[in-house]
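Here's the structure we're looking at; comments come further down.
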Amino acid sequence: MADRIELLPEHVANQIAAGEVVQRPASVVKELLENAIDAGAGRVRLITKDGGKTLIQVVDDGFGMSPADAGMCIQRHATSKIRKAEDLFHIRTKGFRGEALASIAAIAHLEVLTRRDTDSLGIRLKVAGGKKEAPEEAVCPRGTSVSVKNLFFNIPARRNFLKSPKVEYRHVLEEFQRVALAHPDIAFSLFHNDSELFQLPASNLRKRIVHLFGTRMNNRLVPLEEETQVLQLGGFICKPEFAKKSRGGQFFFVNSRFIKSPYLHHAVMNAYEGLLKPDTVPGYFIFMQVPEDSIDINIHPTKTEIKFEDEQSLYAILRSAIKHSLGQFNIRPVLDFEHDQNLETPYEYKDRGAVMPEVTVDRNFNPFSDTGSSGPTKTYKKALPGGWEALYEGLEAPAGEVGEQSEWVVESDVRTASLFEPDSLKGVNDVFSLQVDRKFILTRVKSGLLLIDQQRAHQRVLYEKFLENLSLSEPASQTLLFPLRCEFSPGEMQVVEEMFESLQAMGFRFGGRKKSSLEIIALPVLIPESEVAGLLDGLIARWQYQDGEMVYSEGDRMARLLARSVATRPGTPLDALSRQTLINDLFACRETQWSPFNKKIHTTLSVEELEKKLD
Ligand code: ADP
Ligand code: MG
């Protein structure tokens, strides 16, 4: 047989490499921004169109490239940043693998325009799908501009895999935030579809955070500081009461490089233990400086995962430093000596009117319960007892339930007509039902006992009602007496944008929509006003991280999410009327056996089974 192994042509190899480096427009944004920083830029502009699908351009005022370097830069393994393998353990630059530009050039239209300070003319270079045009001289300012158009134009499968421009823009924004946070001393701006979204002056970290996430961040931040032999720790953590259900405000930087680390995140969560409401995550901006040779950055092409020499010590130091900061902030106010009111108004906030400060107190928050505060509608919810009484919950059965238990003894005859005994549906107290463990509802059916999962049942009921809203041109909504203004970070606002139509289809009505706030003027009838803020927070969290789930339509997805958010949780006591209503509503549903998340709602314990058990 003939020899079968051949070297792949360069452009195929580059396309394969591109698969690792470039997943979506945001990956290109990351690589280009990092190149600008490596070039010593003081000002970096990012310009994108259609979430980066049509255009991504990064313009810097860094040291530029010589004409020869410009010709080289799009070759694979062409880098000015390392020379030998040992250099891998002393990396001070963002890039070093020399494959970003080569990969991008293989799958998009790439144009590089660059000039060094010492050259009078710059050079323009164009590459499309790996094919180079002859470079030409060009007049341009010092620095480099790289533009990337029509990402994946030559790989339709990858292009089709991209999400809508809104979703892609959200990822771009995330990447922009990460790089901008890591380098507060560099000025950044962001333009998307021709409008300027951020203009971040060079400043310190606190101001950079405020410019990116809004002035309200300023009094939420607690400084973090610690210096040990293996680690220098800095940055800010957020006060626990501002923790949110949605992820997205959590940042780790190691040697000025954004990284993901579930392990270190765990250390943070551990330090906050006992201070957070259930299911919430605090925001943090944690900067770690470690010796370059104690980490390995080169374990993943996108360099967002790194290997530490001694991860366990980092965990311990991080945890105790955070505990210390949180403790300190409890006993004395945080003073910011650098605070300068004139510099505090970020560009995007300058035209904004004043908003009345609001105090939101979660009256239902009960640190002893694991149900959280968001959830059930009025019918199914009884406010949890607050304070010390909660400790004694469950030790003594409430009077009502004792009464019903005696009913349980009395009722013994089995009729056969319908699922429920017909005449018992007349009045609430006629149908026997019992709450078990604040989780299940037990009731009688013709063949034995029916055990219903209260949360799943309620999810099903709500889901079908929300679906019904979808089919109406004017879904039932309740207009609020006072419109509700909700503030969001730009990233969260982007998710709200994505959900906007589905929310409207559900019966939400909105007033003004600003860059980082939203006015709600009406709600779907099924959603109590007191729960809206927490509800939106949870929706934002879930909407973002559900990409893979199989769903029929956006509306359907929203109906599921709302049902999940609003449905009563285990641990909620249900009185007789609520139980009765829930049972009735459930069996009026089109589907009664399965929850919208494909979980079994109820099971029957037949008389025979019960008899067998007692054999
Ligand atoms: P890496 O950053 O890993 O070296 P890249 O493919 O991103 O690889 O870039 C290749 C080379 O092109 C860099 O090493 C650098 O010398 C040059 N380069 C890329 N972008 C810029 C820029 N904005 N300014 C100056 N030089 C650049
Ligand atoms: Mg690079």
Side-chain angles (χ1 to χ4, degrees), residues 10-11 13-23 26-47 56-85 87-108 110-119 122-127 130 132 135 138 140-148 151 175 178-179 182-183 186-189 255-258 296-304 306:
E10 168 121 355
H11 74 274
N14 281 339
Q15 276 197 7
I16 294 171
E20 289 193 312
V21 182
V22 185
Q23 275 101 40
S27 341
V28 175
V29 166
K30 171 178 193 291
E31 295 296 336
L32 299 188
L33 290 177
E34 291 190 344
N35 279 347
I37 290 162
D38 285 346
R43 254 201 106 68
V44 181
R45 271 191 300 156
L46 168 64
I47 300 152
I56 302 159
Q57 184 177 11
V58 170
V59 186
D60 69 55
D61 60 356
F63 45 62
M65 284 179 264
S66 71
D69 281 354
M72 279 280 283
C73 74
I74 53 152
Q75 281 180 37
R76 201 140 67 100
H77 307 311
T79 180
S80 54
K81 299 171 192 174
I82 57 171
R83 293 282 179 259
K84 46 189 192 307
D87 294 347
L88 277 174
F89 299 98
H90 304 282
I91 286 168
R92 286 165 191 265
T93 49
K94 306 265 141 184
F96 55 84
R97 296 169 56 112
E99 52 187 5
L101 290 185
S103 303
I104 296 166
I107 46 139
L110 177 80
E111 187 178 321
V112 180
L113 187 63
T114 184
R115 182 173 74 80
R116 292 182 300 181
D117 224 2
T118 46
D119 301 330
I123 189 131
R124 183 194 310 273
L125 188 87
K126 286 187 185 173
V127 200
K132 242 189 343 193
C140 62
R142 171 202 142 120
T144 306
S145 154
V146 179
S147 61
V148 176
L151 195 66
E175 216 53 75
R178 291 170 181 175
V179 178
H183 299 276
I186 299 177
F188 287 92
S189 53
N255 297 357
S256 300
R257 187 188 295 279
F258 170 84
D296 185 356
I297 309 164
N298 197 24
I299 56 168
H300 196 265
T302 59
K303 307 178 220 104
T304 46
I306 66 178

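As a basis for the values below, the full set of heavy atoms in this structure was taken, side chains included, without hydrogen atoms, waters or symmetry mates. Both ligands and their constituent atoms are indexed starting at 1 by order of listing.
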Heavy-atom side-chain contact between [X] and [Y] under 4.5 Å:
X      : Y      : answer
Asn35  : Leu101 : yes
Glu175 : Leu33  : no
Asp87  : Phe96  : no
Val21  : Arg97  : no
Glu31  : Lys303 : yes

Between the main-chain N or O of [Y] and the side-chain N or O of [X], is there a donor-acceptor pair closer than 3.5 Å?
X      : Y      : answer
Asp61  : Gly143 : no
Arg115 : Thr144 : no
Arg257 : Thr93  : yes
Asn14  : Gly130 : no

Closest protein heavy atom (residue, atom, distance) for [atom]:
atom                    : result
atom 2 (O) of ligand 1  : Lys81 NZ, 2.7 Å
atom 7 (O) of ligand 1  : Asn35 ND2, 2.8 Å
atom 6 (O) of ligand 1  : Leu101 N, 2.9 Å
atom 4 (O) of ligand 1  : Thr79 OG1, 2.5 Å
atom 16 (O) of ligand 1 : Ser80 OG, 2.5 Å

Apply side chain to side chain contact (heavy atoms under 4.5 Å, CB included) to Phe258 and list each qualifying residue two or more places apart in sequence or on a separate chain.
-> Arg178, Phe251, Phe253, Lys260, Thr304

Per-atom contacts, ligand 1 versus [X] - under 4.0 Å to a heavy atom:
X      : answer
Cys73  : 10 (C), 12 (O)
Ala78  : 10 (C), 11 (C)
Gly95  : 2 (O), 3 (O)
Thr144 : 22 (C), 23 (N), 24 (N), 25 (C)
Phe96  : 1 (P), 3 (O)
Ala100 : 6 (O), 7 (O)
Arg97  : 3 (O)

Considering residues, nucleotides and ligands other than Arg116, do more than 12 of their heavy atoms fall under 6.0 Å from its CZ?
-> yes

Rounded distance (nearest 0.5 Å) linking atom CZ of Arg45 with atom CD of Gln57 |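 It comes to 7.5 Å.
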
Just how far is it from atom OG of Ser256 to atom NZ of Lys94, taken to the nearest 0.5 Å?
-> 5.5 Å

Heavy atoms only: which of [options] lies closest to [atom]?
atom                    : options               : result
atom 23 (N) of ligand 1 : Asp60, Thr114, Ile82  : Asp60
atom 1 (P) of ligand 1  : Ala105, Gly98, Ala102 : Gly98
atom 17 (C) of ligand 1 : Gln75, Met65, Glu34   : Met65

Heavy-atom contact under 4.0 Å between Glu31 and ligand 1?
-> no

Polar protein atoms near the Mg ion (ligand 2) [N, O or S; cut-off under 2.8 Å] |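 Metal shell, protein only: Asn35 OD1.
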
List the steps and the verdict of side-chain contact (heavy atoms from CB on, under 4.5 Å) for Leu32 and Ile104.
-> CA-CA 10 Å; Leu32 299 188; Ile104 296 166; 4.3 Å; yes

